Amino acid sequence: MAHTTEPPFIIRAKINGVEQQLTVKTEETTDGVPYFICLQDQEQLTELRKESNGKWVQLWGNLDTLSILAIGKAIDCQPL
């Protein structure tokens with residue numbers, strides 16, 4: 001069972017070419033791997049995880065690669 005590890009934070013990223021504000025919740029799998037639930041207007045937009053090779057991957061959702069990279073870059077800029 002996953003559990004929350006950090007308080008939610010706000011990021012700005014280009015989603016489908018349009019700058020958007022997202023609320024990001026950090027969650028952790030039972031084996032300790034962090035992933036990020038991204039909400040737009042209180043609705044879940046995507047779940048992302050940063051792989052050990054540094055690449056951002058989408059676990060849930062239907063975003064294009066550029067949107068995933070933009071969200072990942074914004075998350076990387078947060079002091080976690």
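Note that this is a predicted model, so its numbers are computed, not measured.
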**Q** Quick check for you: to the nearest 0.5 Å, what is the distance between Gln58 atom CD and Arg49 atom CZ?
**A** 12.0 Å
**Q** Just verifying a value: how many Å separate Arg12 CZ and Ile15 CD1, rounded to the nearest 0.5 Å?
**A**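 The CZ atom of Arg12 sits 10.5 Å away from the CD1 atom of Ile15.
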**Q** Nearest 0.5 Å, what's the CD-CG distance between Gln20 and Asp41?
**A**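 CG of Asp41 is found 8.0 Å from CD of Gln20.
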**Q** So how far is it from Lys55 NZ to Thr65 OG1, rounded to the nearest 0.5 Å?
**A** 7.5 Å
**Q** Tell me, please, which residues at least two apart from Glu47 pass side-chain contact (heavy atoms from CB on, under 4.5 Å).
**A** Tyr35, Ile37, Gln44, Leu59, Trp60
**Q** Going from CG on Leu45 to CG on Asn62, what distance comes out if it is rounded to the nearest 0.5 angstrom?
**A**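 One gets 10.0 Å once the value is rounded to the nearest 0.5 Å.
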**Q** Counting C-beta onward and ignoring hydrogens, is there a side-chain heavy-atom pair between Leu63 and Leu48 closer than 4.5 Å?
**A** no
**Q** Hey, what's the ring geometry for Phe36 with Phe9, parallel, tilted or perpendicular (30° and 60° as the breaks)?
**A** perpendicular
**Q** Measure the NZ-CG distance between Lys14 and Asn16 for me, rounded to the nearest 0.5 Å.
**A**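 So the NZ of Lys14 and the CG of Asn16 are separated by 12.0 Å.
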**Q** Which residues pass the side-chain contact (heavy atoms from CB on, under 4.5 Å) test with Ala74, sequence neighbours left out?
**A**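 Counting only residues at least two positions away or on another chain, Ala74 forms a side-chain contact (heavy atoms from CB on, under 4.5 Å) with Ile11, Ala13.
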